[in-house]
Amino acid sequence: MDAIFFALSDPVRRRILERLDGEALLVSELAVPFDISLQAVSRHIQVLVRAGLISQARSGRISRCSLDAEPLEGAALWLNRYAKYWQAQFETLVQHLDRIERETS
């Protein structure tokens, strides 16, 4: 799980995953929106591959990347354990906003 959270800690890697949602792309296609070198994009992809979030199919020098979201399930389950704390914070915020609205009305 550490490798997954490390992979997700970088905004470039998160955007790469978003771009792969629904379609496989060549590394060169993945690199298009980023203002970094193709080599830097390749390094980000390797982090995602090591985390198990991307698989690569190579044909010579061509590499097509696909999303493998299954490892995210474990991370999501772990995060969901703490959802009760987030929910409590939202409820507190709603109560606070309601009180402010009543005071200003």
Side-chain angles (χ1 to χ4, degrees):
M1 195 169 349
D2 291 342
I4 291 169
F5 284 117
F6 176 74
L8 295 174
S9 71
D10 187 278
V12 171
R13 292 191 288 266
R14 290 191 304 270
R15 286 197 51 213
I16 289 171
L17 290 177
E18 289 170 5
R19 296 205 60 225
L20 289 173
D21 187 19
E23 66 178 322
L25 295 171
L26 301 175
V27 172
S28 58
E29 294 171 323
L30 280 171
V32 169
F34 301 107
D35 193 25
I36 57 176
S37 69
L38 185 59
Q39 184 178 10
V41 171
S42 292
R43 285 193 301 266
H44 282 296
I45 289 170
Q46 289 311 307
V47 170
L48 292 164
V49 167
R50 283 192 299 275
L53 298 172
I54 287 181
S55 59
Q56 285 185 298
R58 294 186 186 268
S59 177
R61 295 185 61 137
I62 305 295
S63 179
R64 183 172 298 279
C65 299
S66 300
L67 176 66
D68 183 3
E70 187 176 327
L72 291 172
E73 183 180 4
L77 289 172
W78 186 84
L79 286 170
N80 283 334
R81 292 176 47 199
Y82 300 96
K84 60 186 173 192
Y85 300 108
W86 303 328
Q87 186 62 39
Q89 293 296 320
F90 290 134
E91 290 171 5
T92 301
L93 176 61
V94 167
Q95 291 170 1
H96 180 70
L97 293 173
D98 285 344
R99 184 175 47 84
I100 290 173
E101 185 176 328
R102 284 191 310 273
E103 290 173 358
T104 57
S105 297

*For D2, all residues meeting side chain to side chain contact (heavy atoms under 4.5 Å, CB included), sequence neighbours excluded*: none

*Among pairs that include at least one residue of residues 40-79, which meet ring-ring contact (aromatic ring centres under 6.0 Å, His included), considering only residues two or more places apart or in two chains?*
F5-W78, W78-Y82

*asked:* Measuring from atom CZ of R102 to atom CG of L97, what distance do you get when rounded to the nearest 0.5 angstrom?
replied: 10.5 Å

*Please collect all salt bridge (Lys or Arg N to Asp or Glu O under 4.0 Å) contacts where either partner lies in residues 13-25, sequence neighbours excluded, each pair once.*
none

*Evaluate the side-chain proximity of I16 to L25: yes if any heavy-atom separation is below 4.5 Å, no if none is.*
no

_Pair L53, L20 - check side-chain contact (heavy atoms from CB on, under 4.5 Å), show working._
CA-CA 10 Å; L53 298 172; L20 289 173; over 6 Å; no

*Give the cluster check for V32 versus L67: same hydrophobic cluster or not, with ILVMFWY residues linked at side-chain heavy-atom distances below 4.5 Å.*
no

*Quick one: list whatever passes salt bridge (Lys or Arg N to Asp or Glu O under 4.0 Å) with E91, sequence neighbours left out.*
none

_With heavy-atom distances below 4.5 Å as the criterion, would you say the side chains of L77 and R81 are in contact?_
no

_Quick check on the hydrophobic clustering: are L17 and I36 connected, directly or via other members, by side-chain heavy-atom contacts under 4.5 Å?_
yes

*For the residue pair I54 and C65, what are the closest heavy atoms and their distance?*
CG2-CB, 3.9 Å

*Taking S37 for the side chain and A40 for the main chain, is one N or O donor matched with an acceptor at less than 3.5 Å?*
yes

*Does D35 CG have over 12 foreign heavy atoms under 6.0 Å away?*
no

*Find out if a path of hydrophobic residues (ILVMFWY) with successive side-chain heavy-atom gaps under 4.5 Å connects L38 to V49.*
yes

_Residues in salt bridge (Lys or Arg N to Asp or Glu O under 4.0 Å) contact with R61, at least two apart in sequence or another chain_ = none

*Determine whether L30 and V47 fall in the same hydrophobic cluster, where Ile, Leu, Val, Met, Phe, Trp and Tyr are linked whenever their side-chain heavy atoms lie under 4.5 Å apart.*
no

*What do you reckon, is CD of E70 surrounded by more than 12 foreign heavy atoms closer than 6.0 Å?*
no

*Kindly write out the residues that satisfy ring pair (Phe, Tyr, Trp, His ring centres under 6.0 Å) with F6, not counting sequence neighbours, or none if the list is empty.*
none

